[in-house]
Structures are given as structure tokens and as C-alpha cells.
J.: 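One structure is given below, represented as C-alpha cells, and several questions about it will come after.
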Amino acid sequence: MKKFYITTPIYYVNARPHIGHAYTTIACDTMARRQRMLGADTFFLTGTDEYGVHVERAAIAAGRPPEQWTDEVSAAFRQLWDRLGITYDDFIRTTSERHKRGVQALWSKIRDNGFIYKGHYSGHYCIYDELYVDSAGPGAPCPECGRPTETVQEENYFFRLSAFQEKLLRLYSEQPDFIRPETRRNEVVSFVRSGLRDLSISRSSFKWGVPVPGDPGHVVYVWLDALSNYVTALGYGSEDPSRFEKYWPADLHMIGKEIVRFHCVYWPAFLMAAGLPLPKSILAHGWLLFEENKMSKSRGNIVRAETILEVLGGDALRYFLLREIVFGQDGSFSFDALVQRYNADLANGIGNLASRTLTMITRYFHGEVPYPSPAAAHQTADDAIRKSANQAIAEYQSLFDQYQFSRALELAWSLVASVDKYIVENEPWVLGEEANEQSRARLATVLYTSAEALRIVTALVHPVIPQATRRIWTQFGLGNIGTFDLSSLKWGQLQLGTKLGKVEPVFPRADKSAVERMQTMEEEAPRAATAAEAPSQAKPSAGSHRTPAVPSPPSAVANHKISIDDFTKVEMRVGEVKVAERVQGADKLLRLEVDLGGEVRQVVAGIAEAYAPETLIGRKVVIVANLAPRKLRGLESNGMIVAASAEGGRPVLASFLEDVPLGARLK
RNA sequence: GGCGGUGUAGCUCAGGUGGUUAGAGCGACGGUCUCAUAAUCCGUAGGUCGUUGGUUCGAGUCCAACCGCCGCCA
């Protein structure tokens with residue numbers, strides 16, 4: 001039996017999951033489902049990347065031990081995948097014991113093979129990005145974040161990456177499909193050609209990581225640690241390597257374009273050094289942009305998958321991402337486009353075709369699939385449908401194998417359209433009114449032909465829209481679509497007399513308010529506010545589908561006393577304004593970047609009428625640090641700046657007369 | 001700066017090796033049917049194919065320069 005091992009990247013737990021993560025995971029899930037339907041012994045891995053100084057810092061900022069923080073965020077990822085119906089076979093956490101053992105085994109193997117040595121690094125280092133910066137001059141800005149680097153001199157372990165330059169170049173040329181799409185391959189090749197230097201693979205400046213075997217003062221560099229998950233999850237380095245032996249090497253590592261270098265250069269080099277087989281293929285997709293902009297935490301334009309899930313369902317999100325975006329290129333997400341696709345293709349397309357076809361079979365043939373009458377009732381239009389269906393099966397397969405999801409779906413939907421047209425041209429409802437035998441035979445043929453084409457489309461697109469197709473399959477009376485053998489799919493398998501189930505719509509049409517509902521949910525779900533901008537009237541609670549008809553009761557009651565516990569729930573910290581600028585299109589808002597001592601936050605505050613942005617830079621302010629993020633004018637505000645506001649007067653920022661360290665808590 | 005990519009209808013995209021009036025889907029507009037989820041189906045409008053110059057009998061398709069956007073350069 002053919003095996004198929006596919007992986008997502010493991011997601012970094014310094015932020016909550018959003019549709020960017022969902023995009024990668026959905027694409028993998030679709031591939032995995034398809035391979036299973038084709039009969040491959042499939043193993044689908046995802047997980048979370050939990051070590052590194054960023055995570056340590058995020059945990060400290062959240063006032064929690066890193067173990068607790070990573071448990072929470074990792075669980076959030078897992079929960080989202082479960083809600084989206086992701087069929088992962090394993091979920092690896094880099095903080096797990098099995099991973100640690102595997103990483104250490106891999107390290108030892110590479111070391112024993114002579115590719116690790118201890119050396120010194122002196123130069124410039126960005127502690128925020130764990131990045132060595134070689135550009136000249138002390139304090140040179142970090143290319144990632146722009147913060148000044150620190151001059152360091154430290155003892156590290158190094159990986160002899162330079163020894164693999166020729167081998168890697170040979171790999172890329174002998175296996176042109178190793179990296180896809182081609183543009184990424186070109187980048188990697190030119191990178192490697194320009195020369196490889198040895199790679200520092202340990203850190204001693206922080207503790208949150210896998211200890212280096214034999215030298216616990218060092219932890220394993222986060223990328224060596226993270227990449228290893230693809231083998232440690234299979235039991236590499238454990239007592240039971242049977243899964244490793246069965247599934248390794250991976251058939252496909254699916255990744256985002258930002259991590260191409262790690263996967264296409266470092267990872268194969270590590271594996272070569274350890275004497276392990278290399279993955280067969282690495283596929284990089286593009287970024288999901290939100291209305292033309294990169295989705296990022298600091299921009300505050302992140303869209304959560306949950307919102308779409310609640311309003312339109314998981315299939316809608318899956319279909320949109322795979323149909324709308326050319327895989328490999330950047331794609332744009334917007335609620336308008338999502339609803340448009342949903343209505344045009346899902347509700348009016350496959351949903352309506354299923355509804356009309358199955359309803360007519362129910363009505364005219366008492367819910368039993370009629371047999372296409374031979375001879376007299378047979379026409380060339382029927383043949384045309386049969387032919388295009390058979391052709392679609394073959395072409396769909398080939399497009400999917402090339403990861404051309406959008407074109408594969410386009411193809412499937414052109415079959416839907418031609419069946420709709422076929423139905424209109426053959427007017428089965430007219431035939432149904434005529435009581436003669438000839439019309440009856442013709443009706444049977446038309447409905448069989450339509451139903452059979454629908455069945456084929458349903459089977460083809462099941463990996464993409466699993467829930468709806470499962471329901472259509474059931475309505476067809478065909479049982480469990482999950483066990484259907486896709487490799488056998490061909491015209492004519494629909495049996496005479498198949499008893500239909502209850503027919504009901506699978507994709508109810510969405511009206512225009514769906515867009516608004518999703519936007520509102522996104523803006524309100526992460527509830528947070530800046531002092532001066534905080535609306536005094538309570539807004540409807542988030543997470544609910546409907547806007548409540550009755551206004552919410554006033555949230556504050558006069559003279560209400562709170563306990564000390566209530567007060568300590570509010571985490572106020574001292575921060576320094578690093579960046580202040582006006583928010584375009586808003587008179588009152590300023591966008592601030594505030595340094596809380598170890599973490600820089602974006603805060604949007606309604607103080608533009610009271611303070612000129614340039615006067616705020618360098619000023620110490622008080623930030624409510626544990627407010628849920630909130631979006632204002634499309635920007636995410638991660639906290640609230642504390643100000644006194646007299647009735648009708650301008651807000652006045654709280655500040656200190658004495659000097660205070662950044663990050664100090666107010667209590 | 002070096003290397004690479006990209007720019008085609010309002011939107012998302014097709015357009016091997018240059019060859020009649022540049023295509024599809026969606027959206028918009030008009031019409032039609034009634035089995036179906038105000039769905040389907042038919043029709044209409046919309047593009048100096050980033051700009052300029054060149055090669056050619058002929059260029060969206062080849063070449064050059066320029067403009068815009070993007071990626072990689074540890």
C-alpha cells in the first residue's frame with residue numbers, strides 16, 4: 001500500500017491562531033483527505049513550536065510560567081483544528097518529552113558524525129529575534145525588527161553547514177520538484193550558491209529550550225529544535241521507531257514562504273548530517289493578505305477563523321481559500337469576496353444543483369434513482385455530460401497532483417454549470433407532467449444523468465468541502481462518503497433503485513448582513529479599549545450571531561464597590577512611548593507603540609485632539625496590559641492607555657514624577 | 001545595490017514554441033424558466049493586454065529601457 005506523510009509547519013505559540021494558520025492547515029487537510037480516499041496509508045502531522053526566547057517573554061508578559069502559557073496557546077490551536085474538522089493523525093508539541101528525546105538523539109547523531117563543533121561567536125546579536133547580524137558596526141539595526149543589536153561574545157555550538165553546499169546544490173538540480181513553486185527554488189539555489197557559513201545551533205542566553213546533550217548550559221537553537229518535529233513525532237530516537245520506519249521520509253512538507261530557507265537548506269543539511277533520508281518535496285504557499293495588506297499582529301488586521309466558522313461554516317472557509325487563491329501566490333482575503341464565493345459557487349452552485357436534482361427524483365420517482373433508459377430515450381446531450389464528467393475526473397486528479405487547487409475546483413464547478421444547463425435544456429419538470437411512456441423514459445435518463453454527474457462532483461470535492469459533501473452523499477442514500485474509494489470513481493456507479501434520504505439544502509444562501517455580522521464579530525470579539533476612546537454605551541456582546549433586540553443593561557452600577565481581587569485582575573504597567581502617529585481617517589486616534597520593558601505593544605488611543613504625536617515620544621505612560629485586543633479603524637489595540645477625563649474636557653495622561661522602570665506594575 | 005518574480009476587463013484569473021474581431025468565472029445591467037436555496041438558463045456592457053521604443057509581413061506573446069508592486073540576499 002502506498003504511504004503518504006504530510007506535515008504542516010508547527011505553529012509558534014507566541015500568538016493565537018488566525019486564518020493564516022488555518023490556510024496552511026486546511027490545504028494539508030485537503031491533501032490528506034484526498035490521499036486517504038485514494039487508498040494511501042496517510043499520516044498527517046501538525047503541532048506547536050513552543051520553545052524560544054519570544055515564548056518565554058510572551059509568557060512573562062502574560063504573568064504566567066511558560067509551561068502554562070504554552071499549554072493554553074497550544075490548546076487553542078488544537079481546539080481550532082478540531083472545530084475546523086482537521087483530520088490530523090498526530091499533534092506534536094516541542095515541549096513534550098518525546099520531542100525532547102528525539103531532538104537530543106538527532107543532535108547526538110549529527111555530533112557523532114562529526115558535524116557539530118564548539119566555537120566562539122563575537123559580533124552583533126538581536127536578542128529579540130535571536131538573530132546574528134553581520135553588518136558592520138556595533139549597535140547595527142536588526143534587519144528583522146530594527147532594534148539596535150547588542151555586541152556579544154559567546155561560546156556556541158556550530159553546525160558544519162558549509163560542508164553541505166555542493167550536496168544541496170546537487171539535490172536541487174537532481175530533484176527539481178524538491179522545492180516548489182519554482183520561484184522559491186530559484187531563491188534557495190541562489191542563496192546556497194552565494195556560499196554557506198556554519199550555523200550556530202545553541203543558545204546559552206536563555207533557558208526555555210531543549211538542553212544540549214552533555215552540556216545543559218546550552219539549549220538547542222530553535223530551528224534545529226523545531227524542524228526535528230517532523231521526525232520526533234514519528235518516534236525517531238524512541239524505543240519504538242516503527243512509525244518512523246514506516247512513514248519517513250515525508251512526502252510533503254507544506255510551509256509558508258517565510259520559512260523556505262529553514263526547510264530547504266537547513267533541514268536537508270541536518271538530515272544529511274544525521275544520515276537520514278530527505279523529504280520528497282517542500283511546497284511553499286504565499287501569504288494571506290487582508291484587503292491587500294499583510295495580516296499581522298502589529299497591524300491589527302488579523303481575522304480569526306472562528307468568525308467565519310460561526311457565520312458560514314468551515315466548508316465555506318475551506319472552499320474560499322482553495323478556490324480563490326492561486327496556491328503558491330499571495331492571496332487576498334475579504335469578507336465580501338468570501339460571501340460572494342459562498343453564494344455563487346456553494347449556495348447557487350453545488351448546493352442548488354443537489355437540491356433540484358434530488359428533489360425531482362423524490363417527486364417523480366418516489367425517491368429512488370431511476371435507470372437511464374437505453375435507445376429511444378438516449379440523446380447526445382446525455383453523452384456530452386457523461387464525457388465531461390469522465391474527463392473532469394482525470395483532469396481534476398492531475399491538477400490536484402500539481403497543487404493547482406483553484407483550477408481543479410474551477411474545473412469541477414464547470415461541470416456543475418454544464419449540468420445546470422443540461423437540466424434547463426431538457427426540462428424534466430415538463431417531462432414529469434406528461435404521462436406517456438416515452439416522456440417517462442426520457443425523464444429517467446435526464447435525472448439519472450444529472451444525479452450521476454452530481455455524485456461525481458461530490459466525490460471529487462469531498463476533500464475540500466467535507467461536511468456538505470457528506471450530507472449530499474447521505475441524501476443520495478450512498479452511506480459514508482469517507483470510505484468511498486476515489487481511485488475507482490467513474491461514470492455509471494450510481495445504482496438503479498438507490499433510495500434517497502431526506503433532501504435538504506446544504507448551503508443556505510447568505511444575505512448581505514453576513515458580511516456585516518462577521519466584521520462586527522471581528523471588531524468586538526477581542527474586547528478592549530483605550531481610555532479616551534472607550535465608548536460609554538455598552539455594545540452587544542461578542543460571539544453571538546444576532547444583535548440583541550433589547551439593549552444591554554448598563555454595565556456599571558453607581559456606588560458599586562469592588563474587592564481587592566477585582567482590582568488585581570487589572571494589570572497596569574509602566575510603558576514608554578516609542579512611536580506615535582496619527583491614524584489616517586480618524587480625528588481622535590493616535591497609534592502608539594509602547595515599550596513595556598521586554599515587549600513593544602501597539603495601542604490605539606483616542607487622544608489625538610489633546611496631544612500632538614511628537615510630544616509623546618519618550619514619555620512614560622500607564623498601560624492596562626491585560627485587556628483583550630480590540631480593533632479600531634482596522635488597527636489592533638493591545639492595551640489601553642490610562643488618562644483622566646473630565647466631563648467634556650480633554651483627556652490627561654497619567655504619569656510619574658519620579659523615574660520608574662519600564663514594565664513596573666501598578667498596584 | 002545584486003539576483004529573481006510580477007503588472008491582461010470592477011474583482012479573481014487563463015492566454016505552449018509570436019498569426020484572423022484578446023478569453024473564462026464572479027459582479028453589474030436586461031430578459032427567460034419554474035424542478036430548485038429570490039436559485040437556473042440566455043443576452044448585453046466593460047480591456048490603447050503597466051509605459052515607451054525596437055525586432056518582424058505580423059507581438060499580450062520576443063528584445064531594451066523606464067515606471068509600479070513583490071520576494072530572496074543567514
Side-chain angles (χ1 to χ4, degrees), chain A residues 123 126 129-135 142-144 159 161-162 179 181-200 221 223 256-262 264-266 269 284 286-287 289 291-292 294 320 323-334 336-364 404 406-407 409-414 416-433 443 446-447 450 454 468 503-511:
Chain A
C126 174
D129 294 300
E130 295 173 47
L131 202 67
Y132 294 98
V133 180
D134 295 311
S135 45
C142 166
E144 283 295 314
F159 172 69
L161 182 61
S162 55
I179 307 167
E182 204 173 326
T183 158
R184 302 297 155 210
R185 184 176 169 274
N186 293 342
E187 283 174 10
V188 170
V189 168
S190 75
F191 173 79
V192 174
R193 277 216 184 107
S194 73
L196 293 176
R197 290 203 305 272
D198 290 351
L199 186 69
S200 160
Y221 171 55
W223 271 105
K257 66 181 183 182
E258 71 282 1
I259 52 178
V260 164
R261 199 178 70 223
F262 304 102
C264 302
V265 181
Y266 300 170
W287 281 336
L289 310 176
E291 289 167 357
E292 307 298 299
K294 187 185 170 190
F320 178 85
R323 172 62 187 86
E324 185 84 2
I325 297 165
V326 178
F327 203 78
Q329 297 182 16
D330 288 353
S332 191
F333 177 86
S334 76
D336 278 322
L338 172 69
V339 170
Q340 209 171 305
R341 272 284 172 210
Y342 175 87
N343 277 336
D345 294 0
L346 296 179
N348 301 351
I350 193 171
N352 184 56
L353 178 62
S355 177
R356 68 195 309 200
T357 305
L358 299 177
T359 299
M360 282 191 279
I361 292 177
T362 302
R363 178 172 305 175
Y364 299 127
Q404 306 216 35
S406 61
R407 298 191 67 175
L409 290 171
E410 191 179 3
L411 176 82
W413 259 259
S414 78
V416 169
S418 56
V419 178
D420 270 330
K421 183 172 180 167
Y422 168 82
I423 291 176
V424 167
E425 284 173 350
N426 288 284
E427 302 180 305
W429 51 91
V430 174
L431 296 168
E433 294 303 307
L443 178 63
V446 170
L447 290 184
S450 308
L454 169 66
V503 178
E504 45 189 24
V506 289
F507 289 115
R509 215 182 134 74
D511 58 38

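Order of the sequence lines sets the chain letters (A, B, ...), proteins ahead of strands, with each chain counted from 1.
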J.: When you check every protein heavy atom under 4.0 Å of nucleotides 32-39 of chain B, what one-letter string (B, S, -) results, 5' to 3'?
T.: -SSBBB-S
J.: Wobble G-U and Watson-Crick pairs count when both distances are under 3.5 Å; given that, what is the 5' to 3' dot-bracket string of RNA chain B, with | for pairing to other strands?
T.: (((((((..((((.....[...)))).((((.........)))).....(((((..]....)))))))))))).
J.: Side chain of A/R261, heavy atoms from C-beta onward: which of B/rC73, B/rC41, B/rG71 has the nearest atom to it?
T.: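 Minimum distance to the A/R261 side chain belongs to B/rC73.
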J.: Which is more 5' along RNA chain B, the nucleotide nearest A/N186 or the one nearest A/K421? Just name the residue.
T.: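 Its nearest nucleotide lies further toward 5', so the answer is A/N186.
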J.: Find which nucleotide of RNA chain B each of A/Q340 and A/S418 is nearest to by heavy atoms, and output the residue with the more 5' nucleotide.
T.: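 By nearest-heavy-atom nucleotide position, the 5'-most residue is A/Q340.
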J.: Would you indicate what A/G195 reaches in the nucleic acid, counting non-hydrogen atoms under 4.0 angstrom: base, sugar-phosphate, or nothing?
T.: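 If one applies the 4.0 Å heavy-atom cut-off, A/G195 turns out to touch a base.
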J.: Taking the basic N atoms (NZ, or NE/NH1/NH2) and the acidic carboxylate oxygens, is any pair closer than 4.0 Å for A/E182 and A/R185?
T.: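 The answer is no: the pair does not qualify as a salt bridge.
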J.: For a quick check of understanding: with a heavy-atom distance under 4.0 Å over all strands, which category does A/R323 fall into, base, sugar-phosphate or nothing?
T.: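 Touches nothing.
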J.: May I ask you to decide if A/E187's main-chain N or O and A/S190's side chain share a donor-acceptor pair within less than 3.5 Å?
T.: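 Yes.
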J.: If you look at every strand shown and take non-hydrogen atoms under 4.0 Å, does A/L196 touch a base, only sugar-phosphate, or nothing?
T.: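 Here A/L196 touches the bases of the nucleic acid.
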J.: Check salt bridge (Lys or Arg N to Asp or Glu O under 4.0 Å) between A/E410 and all other residues, then give those that pass, not counting sequence neighbours.
T.: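 Checked A/E410 against salt bridge (Lys or Arg N to Asp or Glu O under 4.0 Å); zero matches.
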J.: With a 4.0 Å cut-off on heavy atoms, is A/R407 in touch with a base, just the backbone sugar-phosphate, or nothing at all?
T.: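 Contact class for A/R407: sugar-phosphate only.
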